[in-house]
Amino acid sequence: MAAFPHSPNSTFRRLRGQLSPAEFAALVRRSAKEIGETVSCDARYIGRVESGEIRCPNYAYERVFLHMFPGRTLADLGFSPREAVRGRSAQRGPHPVPVPCSPSSAKESDVLRRAFMAGGSATVAAATLSLTLLGDTRRLPARAGESEAAAVEDAVRRIRLLDDRHGADALYRRASEPLRTAYALLDAGATRQSTEDRLHSGAGELAVSVGWLAHDSGRFDDARSHYAEALATARVARDAGLEAHAFSNLSFLARDTGRAREAVRAAQAGRRAAASLGSPRLLSLLALREAGGWAGLDDRKTCEESLARAHREFSRGPAEADPEWMSFFGEAELESLEARCWSALGEHARAARHARRAADLQDPHFARNVALYTAELAGDLARADAPDEAAWAGGRVLDLLAEVQSTRVRSMLAETAATLVPHQRSPRVSTFLTRHAAT
């Protein structure tokens, strides 16, 4: 299925005026900081907006653009309505008009929204405290409305943003609180069926996000439980997109915990769920998950077939049906996942080439992924008998760990350090091992 044709957003182009795309992107980033958002806006993103490839921005960019152009709506900026662009609303037709809330429920909803969204712009501690505030179920309304559904969706985005910047370790315990509240809202029922559908999807996506925080911080049993909860929610709601997401993460977890055949089967189940969604990028990611499982089974031929399918789907480009959660999946992530396949097959020099490309391609705003890809590179170089290069890459990871808290990355770096011990007479390796021991 080819990507949809795009109509240029001439309105947004006029708003840029005489600024170059790069200059305007810098203005967007500065405006984001003013309201506590973090967006990795660059000239390419501005080009995608103006070409019409991005018909409606994600919620972080929406808040920034409305801050930059007060008094205007997204339509005034040349964007399409969100419900006409994304997900299940687009499949079901126009989004119903929300029922006005009573003053008391509006006040409760505002409390929830602030609890979900406040903080996160300065430190992890402040951000996770704001997430914990949502755990007070005494403030829940009798029936959930549009504001509660929006608050759950914003919580998902907030957690993903913080994870991209800081890693999972400091977030997991606090992020479990809004997850409990999301399911309490779902259990209480909603004012409309459309709201209940949004709550199901939002709660399920929140379960996947919290599961990922557990996964990345080495709490594998907790991660499996959260992913299973998301899968059950998806099936109750008949939400194929959420089901594919849950299976993708279950496959990833199975691979990380040495259950390679389960990784293959979960990825294949995800592919079946995603078959009718019209997202080649999602199918590409699931093919990469499957390839990782085949590599773990030492089945090189089938792994290569899955990798070829992943590249073929990826080359078809983005589509309107791409899920919002897949914003992380670009060429850098594709290279990283392929690197892990070659590493599992024992081809460490080949893996290092892909891991280096992943680290070079990754947007530096996503500090956690930069640290992850560079840690993969260090490990592959160490096993490919390039100790000095591995020590250099390991040193870069140590620099990044000042702002990234990820048990997964630290574990990878510890394995690299152990591999480099026989080369400690090298000055560069010795320096890295000393720094690593000190941290």
Side-chain angles (χ1 to χ4, degrees), residues 124 128 131 155-180 182 203-234 242-267 269-270 282 285-286 288-293 295-296 323 325-329 333 336-337 339-341 343-344 358 366-373 375-376 379 401 404-415:
V124 176
T128 54
L131 292 173
V156 175
R157 297 182 188 97
R158 179 67 59 183
I159 288 172
R160 289 174 183 161
L161 174 64
L162 292 168
D163 176 48
D164 286 336
R165 293 176 61 190
H166 302 290
D169 286 12
L171 292 171
Y172 173 58
R173 292 299 182 194
R174 300 291 179 88
S176 299
E177 297 295 336
L179 178 61
R180 280 192 286 272
E205 288 294 345
L206 194 52
V208 174
S209 294
V210 176
W212 164 247
L213 296 179
H215 183 168
D216 194 45
S217 55
R219 301 172 174 94
F220 297 136
D221 288 342
D222 287 357
R224 188 178 181 85
S225 175
H226 289 307
Y227 293 158
E229 185 173 38
L231 182 58
T233 303
L242 176 58
E243 183 173 348
H245 192 185
F247 272 127
S248 173
N249 280 46
L250 281 165
S251 176
F252 190 8
L253 178 64
R255 193 217 65 172
D256 276 359
T257 52
R259 300 192 300 273
R261 194 165 298 281
E262 182 182 325
V264 169
R265 289 173 175 167
L282 177 53
L285 175 61
L286 289 163
L288 287 162
R289 298 287 192 228
E290 186 177 342
W325 60 265
M326 284 193 68
S327 59
F328 77 97
F329 184 62
E333 182 71 8
S336 171
L337 292 176
R340 293 174 211 173
C341 291
S343 183
F366 296 91
R368 195 278 314 283
N369 277 1
V370 174
L372 173 64
Y373 300 157
E376 290 172 349
L401 287 178
V404 173
Q405 300 180 47
S406 170
T407 296
R408 186 158 162 250
V409 171
R410 289 200 304 272
S411 297
M412 294 167 65
L413 203 58
E415 291 177 9

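The residues of the chain are indexed from 1 along the displayed sequence. Quick caveat, the model's predicted, so the values are computed rather than measured.
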* **side chain to side chain contact (heavy atoms under 4.5 Å, CB included) between L401 and L413, intermediate numbers included** => CA-CA 11 Å; L401 287 178; L413 203 58; 4.1 Å; yes

* Residue pairs fulfilling salt bridge (charged side-chain N to carboxylate O under 4.0 Å, His left out) with at least one residue in residues 222-232, sequence neighbours excluded -> R224-E262

* Structure fact -> Value for CG (L285) from CE (M326), rounded to nearest 0.5 Å, stands at 5.0 Å

* Could you walk me through whether L288 and F252 pass the side chain to side chain contact (heavy atoms under 4.5 Å, CB included) check? -> CA-CA 10 Å; L288 287 162; F252 190 8; over 6 Å; no

* Give a yes or no on whether the backbone of L213 and the side-chain of S217 come within a donor-acceptor separation of less than 3.5 Å. => yes

* Asked: Of the non-hydrogen atoms in G211 and A223, which two are nearest, and what is the gap between them?
  -> O-CB, 3.4 Å

* Structure fact -> Closest non-hydrogen atoms of L286 and A267, given as atom of the first, atom of the second and distance, are O-CB, 3.6 Å

* Name all residues meeting the side chain to side chain donor-acceptor pair (under 3.5 Å) criterion together with H215; count only those two or more places apart in sequence or in a different chain, and write none if there are none. => Y227, D256

* Quick one: do the S406 and R408 side chains pair a donor with an acceptor below 3.5 Å? -> no

* Asked: Looking at residues at least two apart in the chain, or sitting in another chain, which of them share a side chain to side chain donor-acceptor pair (under 3.5 Å) with R289?
  -> S248

* Structure fact -> When every non-hydrogen atom of A263 is compared with those of S251, the smallest separation belongs to O-OG, 2.7 Å

* Could you tell me which residues satisfy side chain to side chain donor-acceptor pair (under 3.5 Å) with T257, sequence neighbours excluded, listed by chain and number? => R259

* Asked: Which heavy atom in A182 sits nearest to a heavy atom in L206, and how many Å separate them?
  -> CB-CD2, 3.8 Å

* **S336: partners by side chain to side chain donor-acceptor pair (under 3.5 Å), with sequence neighbours left out** => R340, E376

* **Listed partners of Y373 passing ring pair (Phe, Tyr, Trp, His ring centres under 6.0 Å), at least two apart** => none

* Walk me through it: do L282 and W325 pass the test side chain to side chain contact (heavy atoms under 4.5 Å, CB included)? => CA-CA 10 Å; L282 177 53; W325 60 265; 3.7 Å; yes

* To do: Start with the C-alpha gap between E205 and L242, add the side-chain angles, then the distance that decides, and say whether side chain to side chain contact (heavy atoms under 4.5 Å, CB included) holds.
  => CA-CA 7 Å; E205 288 294 345; L242 176 58; 3.7 Å; yes

* Closest non-hydrogen atom pair between A375 and V409, with its separation -> CB-CG1, 4.2 Å

* Structure fact -> L253 and F220 have their tightest heavy-atom pair at CD1-CD2, 3.6 Å

* In Å, rounded to the nearest 0.5 Å, how long is the span from CD of E243 to CG of L250? -> 10.5 Å

